[in-house]
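Here is the structure we will look at.
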Amino acid sequence: MVGRVGPGTLELTEAHRFRNRPVRVPEGLRWDVLGLYAGVLDGLRAAGAVDSVGVDSWAVDYGLLDADGALLGNPVHYRDGRTGTVAGKVWATVPAGELYAATGLQYAPFNTLYQLIAARDTRQFKQAERLLLMPDLLAYWLTGEQGTELTNASTTQLIDPRTRTWAHGIAERLGIDLGLFAPLRLPGDPAGVLRPGVLEETGLSGPVPVTAVASHDTASAVAAVPADGERFAYICTGTWSLAGLELDAPVLTEESRAANFTNELGLDGTVRYLRNIMGLWLLQECLRAWGDPDLGALLREAAGVPALRSVVDAGDTAFLAPGRMPERIAEACRVSGQPVPDSPAATVRCVLDSLALAHRTAVEDAQRLAGRTVDVVHVVGGGARNALLCQLTADACGLPVVAGPAEAAALGNVLVQARAQGRVGGLAGMRRLLAATQPLTRYEPCGGTRRWAAALARLAER
């Protein structure tokens, strides 16, 4: 994505799009990181002359390098099953409550911490001299310089969100060598310049600086929420739905842990206090199972399906693995005594109703746990294009929803680079520019929230 930023100007253009296709091999599910890097190089070639480059990606996953800086195998995919039984081993050394109080991170089986415990007895891990999170790995290949960007590091469950540095005590108790990680760097910090070989391969003229951005895509997306003031909730929608609040300090209470909220770090000292919800992964997997039918037609048909006939828990890790998603949703409905969706449109409506219900619960719980009241919900990311999901979310929350921008992560990435070059002001200035330049759609709630409360109670009974 190529961004152009100036006074009153914020434009984003897609230069190159490529597939991200994980590969299942005998040892498990892996990322095709070389294919991704090739796509990055193709994108730089298509983009042409640029003033800066920034890399963001999903969180938690990493590559291991040997003493010469060479990659030791393809990075493991977070949906791989290797961490399924690890949590109990970790909690036997550091109880879950202590771990949360120290790191503020919700339990998820794929957190980097659990991946490291699962990997540490492998030959590959024993050979490793450096660990780089995914965006830092790509930036390293572009520049030859290593670093660990803080917003993404905060998803490892090895960062103290109060001090915004490593949780040395936790790492020591679990036998994790923090020396594996490259030095921490902040969004806006220099991350090197494109190597001569990269310049030659892409046809660019140097020097081209690489800037550390909020390299966890959700951190970039939240930075691009076009909010005015503090009384807002956000839902970053895509493969996952990340629903919560932007705070000045973490919430580390036992009640927060029990509610499975996470405290991840954001731009300029902020905390992304949110809950992970399975998100549009449920819909994406259904579409894949059905042979990728026309989504627009399915959504129009789903809008006519009676509301809230059947709902599932959109945060249930039973839906984490790929494959057979329509059947798994049907089985969840059957086991809970609800009508089983009898068509693709009915399944889509079940998914969207379930996501809206999970959005409502997350927004309500976040306000209660953080002692914050909100007046509006901002939906950013790919789900902002899904008008039915946005309207259902407004109805479920009983709050107006402002949808857009859809490419929030890319815009947040670009704005941090632009700020590093003095082309835009602080976070508030970035958000004013977003609100003034990006197409936004407002959805008003209708129908009352009573039926949503009833659906939630019905789900809780199961």
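Keep in mind that this is a model prediction, so the values were computed, not measured.
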[X] side-chain N/O to [Y] backbone N/O, donor-acceptor pair under 3.5 Å:
{"X": "D217", "Y": "D56", "value": "no"}
{"X": "R45", "Y": "E201", "value": "yes"}
{"X": "T202", "Y": "L41", "value": "no"}
{"X": "R173", "Y": "T93", "value": "yes"}
{"X": "D61", "Y": "H77", "value": "no"}
{"X": "Q367", "Y": "V363", "value": "yes"}
{"X": "R360", "Y": "A396", "value": "yes"}
{"X": "Q115", "Y": "F110", "value": "yes"}
{"X": "R288", "Y": "M325", "value": "no"}
{"X": "Q417", "Y": "A212", "value": "no"}

Any side-chain heavy atom of [X] within less than 4.5 Å of one from [Y]?
{"X": "L174", "Y": "L116", "result": "no"}
{"X": "D66", "Y": "Q127", "result": "no"}
{"X": "L287", "Y": "L298", "result": "yes"}
{"X": "L369", "Y": "E255", "result": "yes"}
{"X": "F319", "Y": "V312", "result": "yes"}
{"X": "T151", "Y": "P187", "result": "yes"}
{"X": "V251", "Y": "R372", "result": "no"}
{"X": "R419", "Y": "D268", "result": "yes"}

Testing the basics here: between [X] and [Y], what is the closest heavy-atom pair and its distance to 0.1 Å?
{"X": "A243", "Y": "I235", "value": "CB-CG1, 3.9 Å"}
{"X": "E285", "Y": "G323", "value": "OE1-N, 2.7 Å"}
{"X": "V208", "Y": "S205", "value": "CG2-O, 3.4 Å"}
{"X": "R272", "Y": "S154", "value": "NH2-OG, 4.0 Å"}
{"X": "V60", "Y": "N111", "value": "CG1-CA, 4.2 Å"}
{"X": "T83", "Y": "A118", "value": "CG2-CB, 4.2 Å"}

Rounded at 0.5 Å granularity, tell me how far [atom1] in [X] sits from [atom2] in [Y].
{"X": "L433", "Y": "R423", "atom1": "CG", "atom2": "CZ", "value": "13.0 Å"}
{"X": "E149", "Y": "T211", "atom1": "CD", "atom2": "OG1", "value": "12.0 Å"}
{"X": "C390", "Y": "R442", "atom1": "SG", "atom2": "CZ", "value": "13.0 Å"}
{"X": "M278", "Y": "T317", "atom1": "CE", "atom2": "OG1", "value": "6.5 Å"}
{"X": "T437", "Y": "L10", "atom1": "OG1", "atom2": "CG", "value": "4.0 Å"}
{"X": "L282", "Y": "S354", "atom1": "CG", "atom2": "OG", "value": "8.0 Å"}

Establish, from distance only, whether the side-chain atoms of [X] and [Y] form a donor-acceptor pair under 3.5 Å.
{"X": "Y62", "Y": "T156", "result": "no"}
{"X": "T393", "Y": "Y443", "result": "no"}
{"X": "Q106", "Y": "N276", "result": "yes"}

Fill in the blank from the handout: Sorted by chain and residue number, the salt bridge (charged side-chain N to carboxylate O under 4.0 Å, His left out) partners of R17 (sequence neighbours excluded) come out as E14, E407
Exercise for the section: Using a strict cut-off of less than 4.0 Å between a Lys/Arg side-chain nitrogen and an Asp/Glu carboxylate oxygen, indicate whether R368 and E364 qualify as a salt bridge. Expected result: no
Handout entry: Note: R30-D80 ion pair, threshold 4.0 Å (strictly below)
Key = yes
Does [X] [atom1] have over 12 foreign heavy atoms under 6.0 Å away?
{"X": "E200", "atom1": "CD", "answer": "no"}
{"X": "D248", "atom1": "CG", "answer": "no"}
{"X": "R432", "atom1": "CZ", "answer": "no"}
{"X": "Q124", "atom1": "CD", "answer": "yes"}

Enumerate donor-acceptor pairs with a distance under 3.5 Å from any side-chain N or O in residues 397-405 to protein atoms, sequence neighbours excluded.
none

Practice task
Begin from the C-alpha positions of E264 and L242 and carry the test side chain to side chain contact (heavy atoms under 4.5 Å, CB included) through to its verdict.
Solution key: CA-CA 11 Å; E264 298 173 2; L242 299 313; over 6 Å; no
Exercise for the section: Determine, step by step, whether L355 and T237 satisfy the side chain to side chain contact (heavy atoms under 4.5 Å, CB included) criterion, reporting the C-alpha distance in whole Å, the side-chain angles of both residues, the deciding distance to 0.1 Å, and the verdict. Expected result: CA-CA 10 Å; L355 286 177; T237 57; over 6 Å; no
Problem - Pairs involving residues 170-209, ordered by first then second residue, that meet ring-ring contact (aromatic ring centres under 6.0 Å, His included) (sequence neighbours left out) - result: W166-F181
Exercise for the section: Determine, step by step, whether L274 and T262 satisfy the side chain to side chain contact (heavy atoms under 4.5 Å, CB included) criterion, reporting the C-alpha distance in whole Å, the side-chain angles of both residues, the deciding distance to 0.1 Å, and the verdict. Expected result: CA-CA 5 Å; L274 59 87; T262 199; 3.5 Å; yes
Completion exercise
Which of L299, V379, L280 passes side chain to side chain contact (heavy atoms under 4.5 Å, CB included) with L389? Answer is L280
Per-pair distances, 0.1 Å, donor-acceptor, side chain in residues 224-233, under 3.5 Å, sequence neighbours excluded:
| from | atom 1 | to | atom 2 | distance (Å) |
| --- | --- | --- | --- | --- |
| R231 | NE | D375 | OD1 | 3.4 |
| R231 | NE | D375 | OD2 | 2.7 |
| R231 | NH2 | D375 | OD1 | 2.9 |

Exercise for the section: Please list all pairs passing the side-chain hydrogen bond (donor to acceptor under 3.5 Å, both in side chains) test where one or both residues lie in residues 136-147, with sequence neighbours left out. Expected result: R130-Q146
Problem - Audit row: L184, R164, side chain to side chain contact (heavy atoms under 4.5 Å, CB included) steps and yes/no - result: CA-CA 10 Å; L184 290 171; R164 303 177 75 85; over 6 Å; no
Exercise for the section: Check ring pair (Phe, Tyr, Trp, His ring centres under 6.0 Å) between Y114 and all other residues, then give those that pass, not counting sequence neighbours. Expected result: Y107
